[in-house]
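Working notes, beginning with the structure itself.
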Amino acid sequence: MENRELNVQIADQATVLSVLSAQYDRAVSVEEKMEAACQLENHANILRILAERLTTQTREAKENE
């Protein structure tokens, strides 16, 4: 996966996290808050993985210069 694709995916995940955070804030019941919190955790993990991939690819590109 190219760096550009990773950057787009990272931006998308950041947007999803923002929406989920707002959803968590608006949640009334504990169940709604738990659902939003679980989704936030899942998407935060995806974001972390994508950021690690981007870091690795950037490092490898730098080493191959």
Side-chain angles (χ1 to χ4, degrees):
M1 191 177 303
E2 288 186 26
N3 283 359
R4 181 180 302 270
E5 293 173 39
L6 283 171
N7 283 332
V8 169
Q9 288 185 5
I10 288 169
D12 289 347
Q13 287 300 318
T15 301
V16 170
L17 285 172
S18 176
V19 170
L20 287 171
S21 178
Q23 181 180 335
Y24 180 87
D25 286 340
R26 287 189 310 269
V28 177
S29 70
V30 174
E31 290 82 12
E32 290 173 329
K33 285 193 179 284
M34 282 300 296
E35 177 66 26
C38 288
Q39 288 183 22
L40 276 165
E41 182 179 20
N42 289 339
H43 286 279
N45 282 330
I46 292 169
L47 181 60
R48 179 187 53 78
I49 291 166
L50 291 171
E52 288 174 358
R53 284 183 188 165
L54 182 61
T55 301
T56 300
Q57 285 184 2
T58 302
R59 185 181 312 120
E60 289 173 353
K62 212 171 192 184
E63 290 172 355
N64 292 331
E65 287 182 346

*Distance (rounded to the nearest 0.5 Å) between Lys33 NZ and Arg26 CZ*: 11.0 Å
*Spacing of CG belonging to Leu40 relative to CG belonging to Leu47, to within rounding of 0.5 Å*: 11.5 Å
*Among all residues two or more places apart in sequence or in another chain, which pass the side chain to side chain contact (heavy atoms under 4.5 Å, CB included) test with Ala44?*
Leu17
*Would you give the length of the straight line joining atom OG of Ser18 to atom CD of Gln23, rounded to the nearest 0.5 angstrom?*
11.5 Å
*Applying side chain to side chain contact (heavy atoms under 4.5 Å, CB included), name anything that partners Thr55, two or more places apart in sequence or on another chain.*
Arg59
*With no hydrogens and no angle check, is any side-chain donor or acceptor of Glu32 less than 3.5 Å from a backbone partner on Val28?*
yes
*Please list, chain by chain and in numerical order, all residues satisfying side chain to side chain contact (heavy atoms under 4.5 Å, CB included) with Arg4, sequence neighbours excluded.*
none
*With the side chain counted from C-beta on, respond yes when Leu54 and Leu50 share a heavy-atom pair under 4.5 Å apart, and no when they do not.*
no
*Find the distance between CD1 (Ile10) and CD1 (Ile46) and round it off to the nearest 0.5 Å.*
12.0 Å
*Using a side-chain heavy atom cutoff under 4.5 Å and only I, L, V, M, F, W and Y, what cluster partners does Val30 have?*
Met34
*Taking salt bridge (Lys or Arg N to Asp or Glu O under 4.0 Å) as the test, write out the residues that go with Glu31, two or more places apart.*
none
_side-chain hydrogen bond (donor to acceptor under 3.5 Å, both in side chains) contacts touching residues 39-49 (sequence neighbours left out)_ = Gln13-His43, Glu35-Gln39, Arg48-Glu52
*What distance do Gln57 atom CD and Asn3 atom CG have between them, rounded to the nearest 0.5 Å?*
5.0 Å
